[in-house]
Each structure stands twice: as C-alpha cells, then as structure tokens.
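First up is the structure itself, then whatever we jot down about it.
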Amino acid sequence: MASIRREVVIDATPERVWDALRDVGTIHIRLAPGFVADVVRERIVDVDEAAPAIASMIEQGLGVIQKTLGKRA
C-alpha cells in the first residue's frame, strides 16, 4: 500500500483544526472550499503510477486548507 505524507503549518488552534478534520462530511466547506467540490466516498483498491499527480493535488489542497483554517473566526 502506498502512502503519501505531507506536513503544513496552519495558524489555528489544534482544537479548531481537529474539529474541522473530524467533520468529514463537510470537507468541501470547512477544509478546502473551492478545491474540493463535494464529498464522495470511494474505495481505492490500487494506485499505480499516480503518485506524482496525487501528490500535486495534495499540495494544492493543503494550501487551501492552510488558508481556510488559518483564517481567524
């Protein structure tokens, strides 16, 4: 099984970040609005040769999450 790990610093309290992360049904609203259009559940069976494209999307998504959660409520 492949794993892609990334880290990003977010200017928000851990409680705010974990609250948003736990709310998986609203990822498109609370974490990555404009990047994730809606939430779909899918079973990933295999990923082959897709790591560079997926890693790029992860980087973009992390930037959106960082910007979204870094906003002070």
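These numbers were taken from a predicted model, which means no experiment stands behind them.
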Mind running side-chain contact (heavy atoms from CB on, under 4.5 Å) on Ile10 and Ile65 for me, showing each step along the way? CA-CA 8 Å; Ile10 298 173; Ile65 290 169; 4.0 Å; yes
Test side-chain contact (heavy atoms from CB on, under 4.5 Å) on Leu31 and Thr68 and set out the steps. CA-CA 6 Å; Leu31 287 180; Thr68 301; over 6 Å; no
Taking all non-hydrogen atoms of both residues, which atom of [X] and which atom of [Y] are closest, and how far apart?
X	Y	result
Pro33	Val64	O-CG1, 3.6 Å
Ile27	Val24	CG1-O, 3.3 Å
Phe35	Met57	CZ-O, 3.1 Å

Should Ile54 and Val8 be regarded as members of a common hydrophobic cluster, given that ILVMFWY residues are connected when their side-chain heavy atoms come within less than 4.5 Å of each other, either directly or indirectly? yes
Reference residue Glu15; test side-chain contact (heavy atoms from CB on, under 4.5 Å); the match among Thr13, Val17, Asp19: Thr13
When rounded to the nearest 0.5 angstrom, what is the spacing between CZ in Arg6 and CG in Leu62? 8.5 Å
So, the side chain of Arg16 versus the backbone of Leu69: is there a donor-acceptor pair under 3.5 Å, distance only? yes
